[in-house]
Amino acid sequence: MADEVSEVDVQDMEVDRRRESDESADEEIKEKPDIPDGGEKNGEEITGDLETPVDIETINLDPDAEDVDLNHLRIGKIQGFEVLRKVKTLCLRQNLIKLIENLELLTTLTELDLYDNQIRKIQNLDNLSQLEILDLSFNLLRRIDGLDTLTQLRRLYLVNNKITRIENLVYLTQLRLLELGSNRLRVIENIESLRDLDSLFLGKNKITKLQNLETLTNLTVLSVQSNRLTKIEGLNSLVNLRELYLSDNGIQVLEGLDNNNKLTTLDVASNRIKRIENIRHLTELQEFWMNDNLVENWGDLEELSGALALQTVYLERNPLQKDAQYRRKIMLALPSVRQIDATFVRF
């Protein structure tokens with residue numbers, strides 16, 4: 001049967017969900033310089049005005065608009081928006097804003113997007129009690145604060161800042177998604193009140209231990225990629241977990257998943273794991289990523305035999321791959337698989 005198998009390389013088509021969201025994967029933000037027109041930087045004359053803030057008064061605002069999108073316009077200050085008495089969504093991405101201010105009258109606002117600005121502090125949001133989505137990713141924040149009145153918040157994005165601690169989230173009990181990738185966190189803490197949380201992204205930090213997750217029983221997606229973990233632990237209460245991303249850590253043993261029976265995606269790529277073990281009970285698995293580890297025993301594939309819906313397996317760059325029959329053996333051991341590493345197989 002294997003002789004009839006043809007392989008199609010579809011790397012360009014593949015959607016790699018192993019990595020953190022696109023926002024989390026970028027390099028740490030660097031503060032934009034303030035350069036006046038005709039100024040100099042490093043001895044070179046600046047001929048353009050790419051970093052000169054634009055006057056908001058030059059922008060026409062429709063008082064009846066519900067969705068206002070002002071991306072990449074070099075806006076330097078939040079002002080003049082009080083005319084927007086019906087606005088629900090305000091997007092100010094990729095501007096030169098340094099302060100959150102003058103939004104007190106926008107009480108109808110449900111989504112505020114300040115991604116990629118120069119904001120150092122979360123402040124002046126007290127009146128926005130209807131806010132459901134807040135994005136402050138790619139700024140210069142060092143602390144999480146100023147959010148106590150945003151009790152209706154559902155999604156909070158704080159990707160790629162300089163935050164050192166998870167704190168001041170106790171009143172955000174409606175939160176469904178928390179994205180803290182690419183910060184400077186060392187400990188998972190102060191999230192016990194977020195009982196309705198569905199998705200938690202903590203990739204690209206300095207976290208050493210999986211802990212303080214006991215109350216997050218509704219969590220379905222957990223990503224702690226690119227941290228400093230050495231052990232899979234602390235997940236016993238996450239009985240509804242469906243996607244677990246732990247790649248690029250220092251994990252040595254595949255364990256600690258006894259109660260996570262609903263997992264459909266398990267990513268433990270780029271660790272130091274020698275055996276595929278302790279996952280025979282994960283019969284709902286559809287995606288299994290374990291490339292760049294130390295697996296060398298073909299018998300370990302038996303651990304995946306009960307996952308009848310398994311579609312994708314990544315095992316490249318393990319000692320197993322040195323076998324000339326590498327792909328053939330995977331196909332024979334796991335006949336439901338339709339993608340091995342970055343290549344689909346067609347029967």
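Of the residues listed (N95, D135, I122, I100), the one engaging L114 in a side chain to side chain contact (heavy atoms under 4.5 Å, CB included) is I100, and it is the only one.
Residues satisfying the side-chain hydrogen bond (donor to acceptor under 3.5 Å, both in side chains) criterion with N127, sequence neighbours excluded, are absent altogether. Every side chain to side chain contact (heavy atoms under 4.5 Å, CB included) that N168 has, sequence neighbours left out, goes to R143, D145. The salt bridge (Lys or Arg N to Asp or Glu O under 4.0 Å) check on E101 picks up nothing, with sequence neighbours excluded. The side chain to side chain contact (heavy atoms under 4.5 Å, CB included) test applied to L308 returns no partner, not counting sequence neighbours. Residues passing the side chain to side chain contact (heavy atoms under 4.5 Å, CB included) test with D323, sequence neighbours excluded: W298, Q325, K329. Scanning for side-chain hydrogen bond (donor to acceptor under 3.5 Å, both in side chains) contacts around D113 gives R93, with sequence neighbours left out. In this structure E132 satisfies the salt bridge (Lys or Arg N to Asp or Glu O under 4.0 Å) test with no other residue, sequence neighbours excluded. Contacts of E192 classified as side-chain hydrogen bond (donor to acceptor under 3.5 Å, both in side chains), with partners at least two apart in sequence or in another chain: none. Residues forming a side chain to side chain contact (heavy atoms under 4.5 Å, CB included) with Q311 (at least two apart in sequence, or on another chain): R338. For R275, the side-chain hydrogen bond (donor to acceptor under 3.5 Å, both in side chains) partners two or more places apart in sequence, or in a different chain, are D300. Residues meeting the salt bridge (Lys or Arg N to Asp or Glu O under 4.0 Å) test with E302, sequence neighbours left out: R280.
Side-chain contacts under 4.5 Å among hydrophobic residues (ILVMFWY), followed directly or transitively, place V170 together with Y171.
In this structure, N259 contributes its side chain and S237 its backbone to no donor-acceptor pair below 3.5 Å.
Using a cut-off of 4.0 Å between Lys/Arg side-chain N and Asp/Glu carboxylate O, D198 and R176 are scored as not salt-bridged.
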